Amino acid sequence: MAILPGWNSLEAVGSIGHSLHMTAMVVLALLVVAEGLALVYDDRKYALVGAAERETIVSHDQEGLAVAERHHNEIAALQRDLEEAQRQQASLRLTTIGQQALLDAVSPFPGQQIEIVSMLGDPEGQQFANDFASVAQQAGWNATSTNEAALATNPSGIEVLYREPPVGEVPPPALAALVDVLVDLRILPARSVTICEEVAAEVIRLMVGTRPATAELHSSISQKGPPSRPADSEVRNGIHDSGYVP
């Protein structure tokens, strides 16, 4: 033990022994503090882990609620569309949206003459014809009074008729605008017009027939020939007897 510093000196041994005691007490205090801090940080770690797990759960719950709400909105929208389709099937009438769309489409062509014809004894078709006549008059078109005619055939849905224009002339833009909006509203099944020589020149005839029994909507229509004299429809200049595209 003589190799230890101050081993043979009373004064040195006392001083070194005291220093070692103080050092041991400091080290012990540091150990206690370190253990205490370790416990505190362990608690904090578990608290942070718990908070992260709760945040993850909340985030998943919010995503689930968002998905459920989106699905609910989609189902509600589909339900509204179905109800609207059922209402349209139940009544051959122009909806408010349909009337506005029709008005916006034909308003740029004031003065256009249109003749609206419905079947005699068909109150539903007559009301539908009146809807069209009202919109046409609001657009500034020259709409003749809705005529009720006893037709030889039984047309289904809506049909647009026009007299074949002379060679070198084209139909008025109002005709194309009317056909386009009727197709957009699914009132016409295709962008076509039936040729009918009984219609006066430059006059559009709108034939309102019975509502199709198997229509996807009230506006679905089966294509038919001219309402009174099929022989008036003929193939000229690439225009087929079933109609032409304006």
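Position 1 is the first residue of the sequence; numbering continues from there. All heavy atoms count here, side chains included; hydrogens, waters and symmetry mates do not. Because the structure is a prediction, the values reported are computed rather than measured.
- A side-chain contact (heavy atoms from CB on, under 4.5 Å) with I204 is found for one member of V179, V193, V160 and no other, namely V160.
- Minimum heavy-atom separation, R54 to A47: NH2-O, 4.4 Å.
- Residue-environment remark: NE2 (H71) exceeds the threshold of 12 foreign heavy atoms within 6.0 Å.
- By the 4.5 Å heavy-atom criterion applied to side chains, Y162 and P172 are counted as neighbours.
- The shortest non-hydrogen separation linking L185 to A101 is CD2-CB, 4.1 Å.
- Within the model, atoms CG of L103 and CD of Q137 stand 12.0 Å from one another, a figure rounded to the nearest 0.5 Å.
- With sequence neighbours excluded, the residues satisfying side-chain contact (heavy atoms from CB on, under 4.5 Å) with R70 are V67, E74.
- F132 CZ to Q127 CD: the interatomic distance, rounded to the nearest 0.5 Å, is 12.0 Å.
- With values rounded to the nearest 0.5 angstrom, D180 atom CG is found 9.5 Å from L175 atom CG.
- If you take CD on E115 and CD on E198, they are separated by 10.0 Å, rounding to the nearest 0.5 Å.
- For the pair R163 (side chain) and V199 (backbone), a donor-acceptor distance under 3.5 Å is present.
- By the 4.5 Å heavy-atom criterion applied to side chains, I158 and V208 are counted as neighbours.
- The distance from the CD atom of Q100 to the CD atom of Q138 is 8.5 Å, given to the nearest 0.5 Å.
- For A174, the side-chain contact (heavy atoms from CB on, under 4.5 Å) test picks out F109, Q112, W141, with sequence neighbours left out.
- For A105 against P108, the heavy-atom pair with the smallest separation is O-CD, 3.4 Å.
- Judged by distance alone, with hydrogens and angles left aside, the side-chain atoms of S19 form a donor-acceptor pair with the main-chain N or O of S15 at under 3.5 Å.
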Fill in: Pair L206-L182, side-chain contact (heavy atoms from CB on, under 4.5 Å): steps then yes or no
CA-CA 11 Å; L206 189 68; L182 293 181; 4.2 Å; yes
Less than 3.5 Å apart, which donor and acceptor atoms pair up between the side chains of residues 36-45 and the rest of the protein, not counting sequence neighbours?
none

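- For the residue pair A136 and A143, the shortest heavy atom distance occurs at CB-CB, 4.0 Å.
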Practice prompt. Dump the intermediate steps for side-chain contact (heavy atoms from CB on, under 4.5 Å) on I195 and L161, then the final yes or no.
Written response: CA-CA 6 Å; I195 297 298; L161 298 90; over 6 Å; no
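- Judged purely by distance below 3.5 Å, without hydrogens or angles, the side chains of E159 and T194 pair a donor atom with an acceptor atom.
- When all heavy atoms are compared, the tightest approach of A129 to I116 is CB-CG2, 3.6 Å.
- Between the NE2 atom of H18 and the OG1 atom of T23 there is a distance of 9.5 Å, given to the nearest 0.5 Å.
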